[in-house]
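First the proteins, then the strands, lettered A, B, ... as listed; each starts at 1.
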Amino acid sequence: MSQKLRYAYYPGCSGQGTSKEYEQSTRAVCEALGMELVDIPDWSCCGSSPAHTVDHRLSSALSGRNLALAERLEGVSAILTPCPSCLTNLKVSAHKMKDPEFAAEVNALLDFPVRNTLPVKSILQAIYEDVGPDALRPKAVRLLTGLKLAPYYGCIMNRPPHIMEFDDHENPIAMDQLMEAIGAEAVTFPLKVECCGASFGVARRDIVQKLSGKLLDTAASNGADAVVTACPLCQMNLDLRQDQINVANNTSHNMPVFYYTQLIGLALGMTPSQVGLEKLEVSPMALLESLPARAEAQAQAAKKPASKGAQS
Amino acid sequence: MDKELRIVGFLCNWCSYGGADTAGVGRFVQPTDLRIIRMPCSGRIDPLFVLKTLIGGADGVLVSGCHPRDCHYAEGNYYARRRLEVLKRFLPIIGIDPGRFEYTWVSASEGQRWQHVVTSFTNQIHALGPVQRIGRQSLAKACSLGTVLEPLA
Amino acid sequence: MNVIALSHSQDRDFIAQVEKESGQNVSLCYQCGNCTAGCPYTFVYDIPVHQMMRLLQAGQKEALLSCRSVWLCATCQSCTTRCPNNIDVAHIVDVLRHMARREGYSTEYGVKSFVDSFLESVEKNGRAFEMGLLLRFIGKTGRFWTDVDLAPKILPKGKLSPLPHKVKNPEAIAKIFERFRQECQK
Amino acid sequence: MKIGVFVCHCGSNIAGTVDVVQVAEAAKSMPEVAFAKDTMYACSEPGQQGIIDAIKEMGLDGAVVASCTPRMHGSTFMRTVARAGLNPYMFEMANIREHVSWIGKDKVANTRKAIDLVRMAVAKLAQNKPLYSQSFSINKRVMIIGGGVAGIQAALDCADGGLQVVLVEKTTTIGGKMAKLDKTFPTVDCSSCILGPRMVDVAQHPNITLHASAEVDEVFGYVGNYQVEVRKKATYVNWKTCTGCGACMEKCPSKKSKDPFNELIGTTTAINIPFPQAIPKRASIDRDSCIKFKTGKCGICAKVCPTKAIDYDQQDEMITEEVGAIIAATGFDLMDWHVYGQYGAGRYPDVITSLQYERMLSASGPTGGHIKRPSDKKEPKTIVFIQCVGSRDKSVGRPYCTGFCCMYTAKQAILTKDHIPDSESYVFYMDIRAPGKMYDEFTRRAMEEYGAKYIRGRVSMVYPQDGKMIVRGVDTLAGAQVEVEADLVVLAVGAEGAAGSAQLAEKLRISYDSYGFFMEGHPKLKPVETNTAGVYLAGCAQGPKDIPSSVAQGSAAAAKVLSLFSKDQLQSDPQVSKVDLKRCVGCMKCAITCPFGAIKETEVRGEIKAQVIETICQGCGICTSTCRQGAIQLQNFTDNQILAEVNALLSSETEEA
């Protein structure tokens, strides 16, 4: 890659709190992959789902302030964010503001107007498209062979397709391929884009218990050791609330829920604490420690038919 | 919409005239400015017709034929495309806004597309407004410009 | 079930308003039900989403603005993505919720309170402050037991800061809210 | 010149939004107009009589009828004018219905527009000349493109009527989609039992020449005299000597070849005869999977063939067929349903198409008539049928109803119960479309006698779980989400024009829509004609239709050809180009541009001049716009006439202003 990858970076509020490990591993991985993230100076909340449930102008203004701040940065090719919820808000705002009438209404709420000049992408999209699984593969110093993952993209990373414009909206594969590039196995997971219950955890916990419970059940029945996700809210629902889910549904899941950046970080040779594994509620340590033995077993199994063939 | 303007359409019989019929059968509402002249083929359209129509005081001229490769006479619309493209580039030279002339392809099954074409072309002409009317004498003079287009044929 | 007196109760202004705010044509819906088929929230809805579309076509304003479903939609985009008629259904539900708010409905008070708490937190700090937002929510709803079981899990990990991460200039964000309220009053 | 103008009310179709009385009144003051009148229905018997009477009483020289499109009733009124004793070409039409009254409600603007259109037609008519047709002889052979049930019907009807028929089929056998079906609705009679004998009739009919494995490459000529270049695609088997014994198939070592006849369920040999009843029953080699073609080694089929018919060096062969008419009966294909990610987009082996299911039901199919799901070859007990996959779905660009899926799904549900008595069938549908004799009764039987569970609603998602396919849908009548744990999911995939139909339409110079269906001459009155004289349509090529309708169209198209060929000579359209010898400088640019070769060089008093062959000229007028001298003029579309129309329009504006 001759051109330096340089982006405006929008961390999102949860990165300062409940998804600190996502923020930490994202920055570490991007640095290791040669992607320069320039923080949007004094970024503010995008409005998240609450804002658009109240009013689209307000929502677009809260997002728009950040778009406008990013546009002032020099030499950046896109605005990146790790969080699908922030991504949706930023992208929907940019999309709706293509309508000059709506743009005028939004700009009236802002100190300085949005010019709508930079594309907005997820970190996942940038790693997948600008670096790519093929370039990632040789960088992996520690393959996660033997790790079976349910790749869970969440409901809004790819939908609706005409706005998100990334990957397949029914069967996205970007994260699958990145995980396979670092040696892990992506199991069949048909609920890749189903909703986890979103932000109803606080107000209507019963919803999250049912929907996230179904995700964990499906991941387990397809043979996954763990879930890998790209969304702070999904991760929190599946991980932090896993005990609540088990109690409500009478299940006994003990399934680690990784951020994909944590796993890429590990594969690139980072330590567990560098990617914040200790911050996960369901500890993945036992699972990760079992990997070398599994990899060995897999290699043995792979050898057998070959040696058989040699004999005959 | 403001006062009706003078828009003339030259349409081939097989595709676009049929498309306009299909639009009518489907009751696809259109602006009323356009007057259609039926031609056997877009290849029958001499660029001079367009030129004389514009010089004669029309506010806009729309030509429409069969989609390329779909000409009822095999290749008439290719002749049309070549001639009309040259004409479009020539218009600014003699001081006519090229936006007053468009050519397009609409098939007999594309009623809705025809509605769209008429509506957007009419809007385009209204945005340009009415042309300055030229007197009859200068009209005759302008027609002699035709020799300029000789190479087009 | 009540009779819907179609001759008397169709609120055409309501239909027009929803169409204007959402940019969607509600007549495009032919009631295939694909939105409901894929909606993960149907199990908590009082009106399934395809019936919301039907009631909207019939101009049944009161039934729609007072229902629980508008509050329980998470905008997961399943309906919009799979609608055979390219209707942005999630956008329509969004608009119905805006209207319900404007007209003072709060059928799912907990959900509404969560949203209000979130936005108040953003207005004050410029960013969402999770701990503060939870406390606001408890204050509004009196649900003191909300997620107390999570506290021993999350607090030792240092994820929930007791203090907000404010932006440098929170007034800039507060001004957005202020201007928005002024616009709404116009 | 004395011109009469007749302004039609068309009931309220025109008069509702155009002041026809005012139009007629305005016409009276137009140049050359001697008579103008409004009339209720110009095309009706009294309407036409009124025109004839006026022409005779007033001694008119020509008539303008302001009514509908000339594409609809132009020829009707030309006959009327002729009955009044005028030359039929002394007539023009102003289209004030499709182009005026039906596309706007502003009566003032519409009336003004109608007056303009009449003024333009009058100005054109004032320069019309009487034209006279010439006779030309025709080739009474007909080509039928496509050997499905519609093409077969057309071929047999034409052949029985005494015509020489050339039947061109793209694949190696005729039979089309119907040959793939197990049973047919609503009688549940065996498809191959009713189609098979007709296929044999085609093979044995002395008047039918069959070119299978052949495609139309180019089409030249015009009605009565077409030259069609046909590419006979190499089959690598000499069909003159091949007897269809099948010895090659038995011995072919490459047994994993794609089997398109069986819709890719199961495999076949690289050299194969698609199915036992194939016509012609001849083998052909699939190059892509033949070991001989891939590695150069093998040649087993050549060794075992008792008639030495294998010819690995065979090349495509071009032949030219001369015919007077063409029937396009190219049928349909299923749309590419892989756009449906929510149904797995092909990732799940146990989600199949209805046509694949049909092959499973068929006793001559790859499973021998046993329903086995592809993933584990087990007999499914719970089968879900999903309707409208690629029909009535704007989001995948298929807004139309395919029309026959409701019926074949009911049939498949019935057959499923016959095959597996302890099975359960679920049918997700939006509306049941079953208009036709005994059709609705048939769908009711599927529910009432065979216990198929019909659920009104679309399916949002299908996914595998624990060996089942979870079908998540809705029952809109119950107002509830529903889930079915299915063993097999069958998609009723919608139809689109057959692959290559657009390219064929371009060769035939007929119109087609964005789904690949050919456009008929008139949606009501010319269902099997096209706008190109001598080219007709039959079957699904024109739009999706079931077997009875396809057969009916095949017969209808045959009747059209037989009627066309009932005369020994056709009358040419006299609206052809004509050379003014005084102006022609003999540059022959017109001859270079003429797409039909209708202009030849001739010598008149020692000078080279262009000459039009009137029976070949098709009247496009490309020559006219090419000729800088204005020497060659398309009659009744002359430069002067077109400019007269323009001037009539623009001068009316100046007068108003």
Q. Counting heavy-atom pairs under 4.5 Å to chain C, which of A:His56, A:Arg205, A:Glu21 comes out on top?
A. A:His56
Q.
Among A:Gln16, A:Lys214, A:His162, which residue has the highest count of heavy-atom pairs closer than 4.5 Å to chain C?
A. A:Gln16
Q. Side chain, backbone, both or neither: which part of C:His165 has an atom under 4.5 Å from a heavy atom of chain A?
A. side chain
Q | C:Cys184, part contacting chain A, at a heavy-atom distance under 4.5 Å | A | side chain
(Q) With a strict 4.5 Å heavy-atom criterion, list every residue of residues 107-132 of chain C that contacts chain A, or say none. (A) C:Glu108, C:Gly110, C:Val111, C:Phe114, C:Val115, C:Phe118, C:Leu119, C:Val122, C:Gly126, C:Arg127, C:Ala128, C:Glu130
Q) With no hydrogens and no angle check, is any side-chain donor or acceptor of A:Thr81 less than 3.5 Å from a backbone partner on A:Tyr10? A) yes
Q. Heavy atoms, side chains only, cut-off 4.5 Å: are A:Gln242 and A:Glu281 in contact?
A. no
(Q) Quick check on the structure: residues of residues 14-26 of chain C within a heavy-atom distance below 4.5 Å of chain A, by number. (A) none
Q: Pull out the residues in residues 40-47 of chain C that come under 4.5 Å of chain A, heavy atom to heavy atom, sorted by number.
A: C:Pro40, C:Tyr41, C:Phe43, C:Val44
Q. How long is the span from the CZ atom in A:Arg159 to the CZ atom in A:Phe166, to the nearest 0.5 Å?
A. 15.0 Å
Q) For chain C, which of A:Glu170, A:Glu105, A:Glu194, A:Lys20 has the most heavy-atom pairs under 4.5 Å? A) A:Glu170
Q) Is A:Leu191 close to A:Tyr152 at the side-chain level, that is, under 4.5 Å between some pair of heavy atoms? A) no
Q: Identify which of A:Ile156, A:Val193, A:Ile207, A:Asp99 forms the greatest number of heavy-atom pairs closer than 4.5 Å to chain C.
A: A:Ile207
(Q) At under 4.5 Å between heavy atoms, what parts of residues 55-67 of chain C are in contact with chain A? List them by residue number. (A) none
Q) Which bit of C:Thr80 comes within less than 4.5 Å of chain A, counting heavy atoms only: side chain, backbone, both or neither? A) side chain
Q) Does a side-chain N-to-carboxylate-O contact under 4.0 Å join C:Arg101 and A:Asp55? A) no
(Q) Taking A:Glu23 first and then A:Arg27, would you say they form a salt bridge - that is, a charged N and a carboxylate O separated by under 4.0 Å? (A) yes
Q: Check each atom of A:Ser14 against the heavy atoms of chain C and say whether the ones under 4.5 Å are side chain, backbone, both or neither.
A: both
